[in-house]
Amino acid sequence: MIEQFKAQIRAGQALCIRGAGSKDFYGNPPQGEMLDTRAYSGIVAYEPTELYVTAKCGTPLAEIEAALAAQGQCLAFEPPRFSAESTIGGVVAAGLSGPRRVSAGALRDFVLGVKLLDGAARELNFGGQVMKNVAGYDVSRVIAGSLGTLGLITEVSLKVLPKPVADATLRFEMAQAAALDKLNRWAGQPLPMVASAWEAGVLTIRLAGARAAVEAAQQKVGVGGTADAGFWDTLRDQTTDFFNTETLWRLSVPSTAPEFKLPGEQLIEWGGALRWLKSDAPPETIRAAASAVGGSATLYRAPAELKAQVGAFAPLPPPLMALHKNLKAAFDPQGLFNPGRLYKDF
Amino acid sequence: MTTRTHSHERDQDFSDVDRAALLEALAAVLPAASLLADHEDLKPYECDGLSAYRRVPLAVALPEDEAQVVDVLKACHRLGVPVVARGAGTGLSGGALPNEHGVVLSLAKMKRIVALDPYARTAVVQPGVRNLAISEAAAPHGLYYAPDPSSQIACTIGGNIAENSGGVHCLKYGLTVHNVLRVRAVTIAGEIVEFGNHALDAPGYDLLALMIGSEGLLAVVTEVTVKLVPKPEVARVIMASFDAVTKAGTAVADIIAAGIIPAGLEMMDKQATAAVEPFVKAGYDLNAAAILLAESDGTPEEVEEEIAAMRGVLERSGASEIRVSNDDAERLRFWAGRKAAFPAVGSISPDYYCMDGTIPRKRLAEMLTAINDMETKYGLRCVNVFHAGDGNLHPLILYDANVPGELERTETFGAEILELTVKLGGAITGEHGVGYEKINSMCVQFASDELAAFHRVKAAFDPQGLLNPDKAIPTLHRCAEFGRMHVHQGQLAHPELERF
């Protein structure tokens with residue numbers, strides 16, 4: 001299979017690297033000849049007590065999660081499951097994390113190693129399966145979230161963690177500004193708050209960890225309604241009503257950023273650091289609002305015309321863009337992999 | 001201590017640097033007190049924490065602010081002068097070893113905590129701020145900066161970025177890369193770039209991750225935003241004795257298998273406890289083949305639950321003795337020996353050489369047995385302390401530099417340990433960095449295609465190779481000359497090169 005991938009790369013045509021295609025909507029529209037990764041599939045190694053799993057790029061995320069669950073473990077960064085066929089290669093390339101990201105860390109924090117094929121079809125192996133490894137540049141983490149533009153990920157090793165023993169979901173009626181304040185104050189205290197969501201005047205928080213800690217924390221945060229933990233799955237997989245929309249902005253901002261006075265509906269995650277926005281406001285207004293507080297706005301879902309017009313991702317300052325182009329050229333000098341998917345410049 | 005001068009032949013040649021022109025250019029952009037050029041002033045900068053390697057630079061620049069860093073880098077860039085950035089000089093891999101034709105760029109004067117925001121749980125600091133100083137400043141707010149390398153009292157955050165430093169608590173709280181939100185840096189061309197921001201992610205490639213652990217080869221850090229986390233209310237530690245190292249290794253796996261991620265999980269072998277006990281009087285079980293220290297932190301309820309769970313696991317894993325700290329004084333005493341392992345060893349041996357390999361935990365017993373055999377082979381003693389939770393081994397090889405041949409034997413001993421870490425599926429360095437010291441061992445860990453890719457990454461930031469040359473990433477020629485090649489599936493890694 002690897003030889004087939006290499007042959008396709010050596011053909012020298014622009015390639016669209018794709019697993020199940022469940023994230024075709026993300027980034028700028030895919031272009032190039034299809035390189036389907038799904039046939040290269042399977043868990044290569046899973047060692048629960050060493051806390052890692054290694055899998056080929058085409059392995060379904062569902063297969064990996066099922067193997068981990070059988071040992072009481074999980075991918076703590078909770079990548080969204082857009083389809084049952086979503087592949088681990090696509091998960092790592094997209095770099096998206098779910099509700100628990102705010103406490104457990106992002107996908108990139110769990111990447112231990114990657115194998116990839118570069119633009120010259122060379123097999124490169126970065127990182128490994130151990131938790132600590134500072135030999136050479138940390139290329140594996142750069143590959144995470146690079147949307148396949150630096151190379152074809154063929155294998156990944158991820159850190160896994162035990163599932164929390166206990167879990168509680170609490171609900172509070174609260175206006176946005178008050179919720180943001182509460183979330184930032186709670187985050188400054190040693191509470192096992194692992195996820196949060198605010199939408200339409202309702203704040204939902206998730207406490208998870210040792211049983212005694214979760215019980216004690218419930219006393220500290222005060223009396224609220226309870227809700228089913230299944231809510232977090234729907235939030236993680238973006239299947240709640242809120243996400244059923246044609247145009248959706250994702251604002252990544254400091255958690256303390258005040259309430260955005262922008263038209264439209266908002267859903268707030270990550271203790272205030274992630275603001276989903278459904279808005280008809282001009283893209284430049286939304287991008288300016290995010291950058292004014294030191295964050296950035298991604299046009300997450302949108303019709304192709306709008307993405308073509310403003311780009312999926314916030315523009316980079318020129319020195320940073322220059323480094324991006326240099327790095328792209330270091331791995332893919334001919335610009336074969338997913339051209340334009342991240343920025344139209346490369 | 002003997003100075004090592006070997007293996008310079010393959011280093012980049014900067015011998016045509018014009019000293020007078022360099023000093024003139026630096027004097028034009030730095031205050032007089034920020035430029036050192038006299039031999040006796042330069043001498044203290046000749047080495048970092050790895051004093052076996054020494055070189056006196058042409059000059060030391062001590063900029064007071066970012067604008068001066070930009071000016072120094074622009075001058076060096078224009079003149080083609082190599083630059084080695086330096087924090088507190090506590091590094092253990094020779095990463096801050098000067099180039100004799102270059103400038104040491106010390107960030108020691110940039111040691112201001114620019115802002116500390118308890119509400120946002122962030123601190124913005126200059127690169128010369130000490131690791132521990134951040135936690136001290138955050139303490140009144142019940143917050144701290146999690147990574148705690150053993151040298152935290154002295155080492156700086158800029159150096160921590162360069163090395164991706166860990167510490168005893170990184171199994172639960174992560175490394176530097178997991179605790180830094182933003183790095184502001186200056187490229188060799190004098191351009192200011194910001195990697196990351198105060199949000200949880202930034203658009204584009206994750207260059208922040210690339211910068212962290214890049215050993216000063218990509219850009220010079222001028223400002224850092226770190227994450228602060230709430231200080232756990234309580235911490236307690238279990239000390240467990242084992243009559244066999246293998247049992248201790250199994251116990252570590254059993255704890256993890258039970259779904260527990262301890263705040264710290266450390267192991268010391270018998271030689272280590274024997275070395276440190278007279279020094280710290282921690283009450284270690286000197287009859288044990290190995291002792292484990294397992295810390296739990298969090299709310300009082302959480303800690304009580306976790307300690308009970310760990311005690312159960314350790315009993316089932318065959319611990320011969322178990323003690324739990326009853327108060328913080330006792331907890332710190334249990335830890336004292338582990339924290340003081342390096343100085344304690346320094347008191348029983350004229351010199352020691354600290355290794356830093358990482359292996360899958362399950363290979364621990366194999367590794368320790370092999371080290372035991374190597375002690376006989378090289379006629380040197382080795383003391384083992386181990387971040388058991390994340391597989392990071394610190395064998396300390398004891399030697400006397402005044403005995404002819406001992407340092408050379410020690411280095412060969414060390415290189416053999418590193419080769420074994422790679423064979424066992426690990427890495428040659430877990431937290432100390434490659435620096436100058438382990439550059440040959442990089443040839444064992446990586447094939448030429450990966451090394452070439454690293455060089456292209458370097459060139460993306462610094463095409464002339466002026467930032468910290470001859471560190472971290474070996475040239476393919478060096479690997480060919482070194483002779484101990486990365487062998488993968490029976491194929492020699494650098495078939496295109498002539499052998500020496």
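So that the names make sense, note that chain A is the first sequence line, chain B the second, and so on, each numbered from 1.
Using a 4.0 Å cut-off between a side-chain N of Lys or Arg and a carboxylate O of Asp or Glu, B/D206 and A/R108 qualify as a salt bridge. With salt bridges taken as basic N to acidic carboxylate O contacts below 4.0 Å, one links B/E233 and A/K220. A salt bridge is absent between B/D390 and A/K159: the closest approach of a Lys/Arg side-chain nitrogen to an acidic carboxylate oxygen does not fall below 4.0 angstrom.
By the 4.5 Å heavy-atom criterion applied to side chains, B/L207 and A/L327 are counted as neighbours. The shortest distance between side-chain heavy atoms of B/I192 and A/P319 does not fall below 4.5 Å. B/I256 has its side chain within reach of A/L51: a pair of non-hydrogen atoms, C-beta onward, lies under 4.5 Å apart.
In terms of non-hydrogen atom pairs under 4.5 Å with chain B, the most contact-rich of A/D181, A/V214, A/L251 is A/D181. When the candidates A/D109, A/T149, A/D138, A/L191 are compared by the number of heavy-atom contacts under 4.5 Å with chain B, A/D109 comes out ahead. Ranked by non-hydrogen atom pairs under 4.5 Å with chain B, the options A/G72, A/G136, A/P48, A/G272 are led by A/G136. Annotation: maximal heavy-atom pairing with chain A below 4.5 Å, among B/V457, B/N197, B/L181, B/I473, occurs at B/V457. Ranked by heavy-atom pairs under 4.5 Å with chain A, the first of B/D117, B/T187, B/I255, B/L200 is B/L200. Between chain A and the residues B/T122, B/L210, B/V434, the largest count of heavy-atom pairs under 4.5 Å involves B/L210. Top candidate by heavy-atom pairs under 4.5 Å with chain A, chosen from B/A472, B/P360, B/G391, is B/P360. Note on B/I428, B/I212, B/V229, B/L217: by heavy-atom pairs under 4.5 Å with chain A, the leading option is B/L217. Between chain B and the residues A/N326, A/L274, A/L342, the most heavy-atom pairs under 4.5 angstrom are made by A/N326. Per-residue heavy-atom pair counts under 4.5 Å with chain B were compared for A/L316, A/L150, A/L147, A/V139, and the maximum is reached by A/L150.
Only the side chain of B/L175 comes within contact range of chain A, judged by heavy atoms closer than 4.5 Å. For A/Q71, no part sits under 4.5 Å from any heavy atom of chain B, backbone or side chain. Interface remark: B/K438 contributes no atoms to any contact with chain A (heavy atom separation under 4.5 Å). Residue A/A314 touches chain B through both its backbone and its side chain, counting heavy-atom pairs closer than 4.5 Å. Only the backbone of B/E194 comes within contact range of chain A, with at least one heavy atom under 4.5 Å from a heavy atom of that chain. Of the two parts of B/V193, only the side chain, counted from C-beta on, holds a non-hydrogen atom closer than 4.5 Å to a non-hydrogen atom of chain A. With a threshold of 4.5 angstrom between heavy atoms, B/E431 approaches chain A through its backbone and through its side chain. Neither the backbone nor the side chain of A/S140 comes within contact range of chain B; no heavy atom of the residue lies under 4.5 Å from a heavy atom of that chain. Contact annotation for B/N164: both backbone and side-chain heavy atoms come within less than 4.5 Å of a heavy atom of chain A. For chain A, the nearby part of B/H387 is the side chain; its heavy atoms alone come within less than 4.5 Å. For A/F346, the part sitting under 4.5 Å from any heavy atom of chain B is the side chain, from C-beta outward, and nothing else. For A/R250, the part lying under 4.5 angstrom from a heavy atom of chain B is the side chain only.
Using non-hydrogen atoms only and a strict 4.5 Å limit, the part of residues 96-105 of chain A facing chain B consists of A/R101, A/V102.
A pairwise comparison of heavy atoms in B/L143 and A/G188 identifies CD2-O, 3.8 Å as the closest pair. Counting all heavy atoms, side chain and backbone alike, A/F126 lies closest to B/A453 at CZ-CB, 3.9 Å. Contact record, A/H324 with B/Y205: NE2-N, 2.7 Å, taken as the closest heavy-atom pair. Scanning all heavy atoms of the two residues, the minimum distance from B/Q445 to A/A135 falls at OE1-CB, 3.7 Å. A pairwise comparison of heavy atoms in A/S296 and B/P203 identifies OG-CD, 3.4 Å as the closest pair. Taking both residues in full, the closest heavy atoms of A/A187 and B/P230 are given as O-CG, 3.3 Å, listed atom of the first, atom of the second, then distance.
In the displayed structure, A/R211 atom CZ is contacted under 6.0 Å by at most 12 heavy atoms of other residues, nucleotides or ligands.
The CD atom of A/E50 sits 5.5 Å away from the NZ atom of B/K362 when rounded to the nearest 0.5 Å. Taking CZ of B/F461 as the start and CG of A/L323 as the end, the distance is 5.0 Å to the nearest 0.5 Å. Distance check: A/N125 CG to B/F446 CZ gives 8.0 Å after rounding to the nearest 0.5 Å. One distance of note links OG1 of A/T298 with CG of B/D201; it measures 7.5 Å at 0.5 Å rounding. To the nearest 0.5 Å, atoms CD (A/Q189) and OG1 (B/T299) are separated by 12.5 Å. To the nearest 0.5 Å, atom NZ of residue B/K172 and atom CG of residue A/L161 are 11.5 Å apart.
Taking the six-membered ring where tryptophan is involved, the planes of B/F454 and A/Y137 are perpendicular, since the angle between them exceeds 60° and thus also 30°.
Take A/Y26 and apply the ring-ring contact (aromatic ring centres under 6.0 Å, His included) test, not counting sequence neighbours, and it matches A/Y300, A/F313. Applying the side chain to side chain contact (heavy atoms under 4.5 Å, CB included) criterion to B/A162, with sequence neighbours excluded, gives no partner residue.
For the residue pair A/N184 / B/R121, a side-chain donor-acceptor distance below 3.5 Å is found, with atom types taken as modelled.
In this structure a side-chain-to-backbone donor-acceptor pair under 3.5 Å is present from B/T358 to A/K132. Using a distance-only test at 3.5 Å, with no hydrogens or angles considered, a donor-acceptor pair links the side chain of B/E305 to the main chain of A/A212.
Pairs engaging residues 167-202 of chain B under the ring pair (Phe, Tyr, Trp, His ring centres under 6.0 Å) rule: none recorded [sequence neighbours left out].
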field: Residues B/E163, A/V134; criterion side chain to side chain contact (heavy atoms under 4.5 Å, CB included); working and verdict
entry: CA-CA 7 Å; B/E163 306 298 333; A/V134 295; 5.8 Å; no
